[in-house]
S.K.: 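I'd like to ask some things about the structure below.
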Amino acid sequence: MNTYQLYLLLLLVVMLVATTAMTMKQMNEIRRLQELRKRPRVVTVEECDGKTTTRDYREGDYVGLVSGQCPGGGPKRVIGIYAIKEEKKGGRSPI
Amino acid sequence: MTSGSEISTLATLIVNILWIALLLLWLTGLGNWIQVYWYRADIRSKLAILGGLADEARKETLDYMNRNKAKDASSLLNRLLDFFVIEPVEIEPTDIINRLRHLINIRDARFKDVFNQAMSDSDEVTRSVASTAAEIASALNFIYKYVRHVLLFAEKTKNWYLILQLAIFMPQIIQIAQMYRKALDDFLYKVPVGDGAGPLVALRLAGFGAKWREVTEDTVVAESEFEGRRLLIIKAKGPGSTVGRPGEAAEKVIREAIAQGRRVSLMITVDAALKLEGEDTGDVAEGVGAAIGDPGPEKIRFERVATEYNIPLRAVIVKMGMDEAILAMNQHIYKGVENAVERVKQIIRSESREGDTVVVIGVGNTVGVGQ
């Protein structure tokens, strides 16, 4: 391989690396925008006769809502609503 | 066909030209110009993303308003997108809090009135959510317009350093805008947000069967008993999207209690607070002072009434990120709420006596948290 070919090769490698980096950056931005449209799973916590159960959130639910009647006759009440946040892989930061 | 030595000479020549070109770029400042050109292109592509987010937010808010039979929704939203509040004069500090409170109250009343008129067939919760959605759409619109302004101004004045500065901040600005956009969906979905930790703690302390009464606009109070103490629990009126007027309510409730001859021995404010990077979401901490993130008028009322009657003012916070405060409450914050309830009980036990009256204020947006 002569000097000219070596420079040409170097130039090609640099261009390849730059193109890959820019494509990855662009893909990352697209992925982030897609994540924006992803909704987390939201659950409703209900209490009935001292026991708590969870179910999927339904529109109209709010904390404090009487959502039905318990077998014992008391009110079944929504005591909490929360979204299940997906944990990122890799665990805690070592810092 | 050229020989090997000729190719080598050509390559050396090209390399030399490249070096000279680099030197000229550096000496003439042309290199900076190229750099700025790339920055500008990057800012413009991100500005398009910001514009897209602002448009989406406007469209979603409009859809929500139309679904709920708002009258003339489009022109109403256009008016609100550019709505502003001019801050009071600061060089004359006398009465600045009253002036600021007056302006904030006018702003809130305007938003409330326009939605009451435009969505008269909808319930209060739907109207409050529409109002919050309009505020988020307005914030996104402002971010887009402000970034565009800085870019165009920098280009007009040939201020490359302004472009450089903007390019550095763009990733952070995009993150904030994306966070607002996501928050809009959660508000329209009417689920409790992270900032609802305070009202949820208040509700848990009062118990689900408690009797609530509206003490001031959009703010309710309930009385309950805890180990021989009378608790006066204040929160914003849910499950609509509002933060109420907790300072005003606390002041009123304390004055009423003292007028009835009760001994108010403790005030506890509970709120969501920003965590430091590296801290865990949902961690609970306590301190002294008023835990509230308002611009001042409500916070100062807590401080003034506590000082006037010499009531210890304690604060309990549930830590979370800035994004988590306005997005749907997650399981860590929910767990934090349960811990905060226990922490408040612990403080009441150790810092008040049986027969005392304790005022607990759950501060924050109460969307999805009723009474």
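A quick note: this is a predicted structure, and the numbers were derived from the prediction, not measured.
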S.K.: If you count every heavy atom of other residues, nucleotides or ligands that lies below 6.0 Å from B/Glu124 atom CD, does the total exceed 12?
M.R.: no

S.K.: Within the distance-only criterion (no hydrogens, no angle test), does the side chain of B/Gln331 pair as donor or acceptor with the backbone N or O of A/Tyr82 below 3.5 angstrom?
M.R.: no

S.K.: Do A/Val42 and B/Tyr189 touch side chain to side chain, with heavy atoms closer than 4.5 Å?
M.R.: yes

S.K.: Considering only heavy atoms and a distance below 4.5 Å, find which of B/Val15, B/Leu327, B/Ile333 pairs most often with chain A.
M.R.: B/Val15

S.K.: Are any side-chain N or O atoms of A/Arg77 and backbone N or O atoms of B/Gly209, one a donor and one an acceptor, separated by less than 3.5 Å?
M.R.: no

S.K.: Of the backbone (N, CA, C, O) and the side chain (C-beta and beyond), which part of B/Leu188 lies under 4.5 Å from a heavy atom of chain A, both, or neither?
M.R.: backbone

S.K.: Specify the closest pair of heavy atoms between B/Leu200 and A/Ile79, including all atoms of both residues, with the distance to one decimal.
M.R.: CD1-O, 4.5 Å

S.K.: Please identify which of these residues, A/Val63, A/Val66, A/Leu65, meets the side chain to side chain contact (heavy atoms under 4.5 Å, CB included) condition with B/Phe208.
M.R.: A/Val63

S.K.: More than 12 heavy atoms of other residues, nucleotides or ligands under 6.0 Å from OH of B/Tyr180: is that the case?
M.R.: no

S.K.: Highest number of heavy-atom pairs under 4.5 Å with chain A: which of B/Ala328, B/Gly368, B/Gly196, B/Gly238?
M.R.: B/Gly368

S.K.: Looking at B/His332, B/Met329, B/Arg204, which one has more heavy-atom pairs under 4.5 Å with chain A than the rest?
M.R.: B/Met329

S.K.: So, taking the atom named CD in B/Gln371 and the one named OH in A/Tyr62, what distance separates them when rounded to the nearest 0.5 Å?
M.R.: 8.5 Å

S.K.: Got more than 12 heavy atoms from elsewhere within 6.0 Å of OH, B/Tyr334?
M.R.: yes

S.K.: If I measure from the heavy atoms of chain B, does A/Val43 come under 4.5 Å with its side chain, its backbone, both, or neither?
M.R.: neither

S.K.: Please determine whether a side-chain nitrogen of the Lys or Arg among A/Arg39 and B/Asp186 lies less than 4.0 Å from a carboxylate oxygen of the Asp or Glu.
M.R.: yes

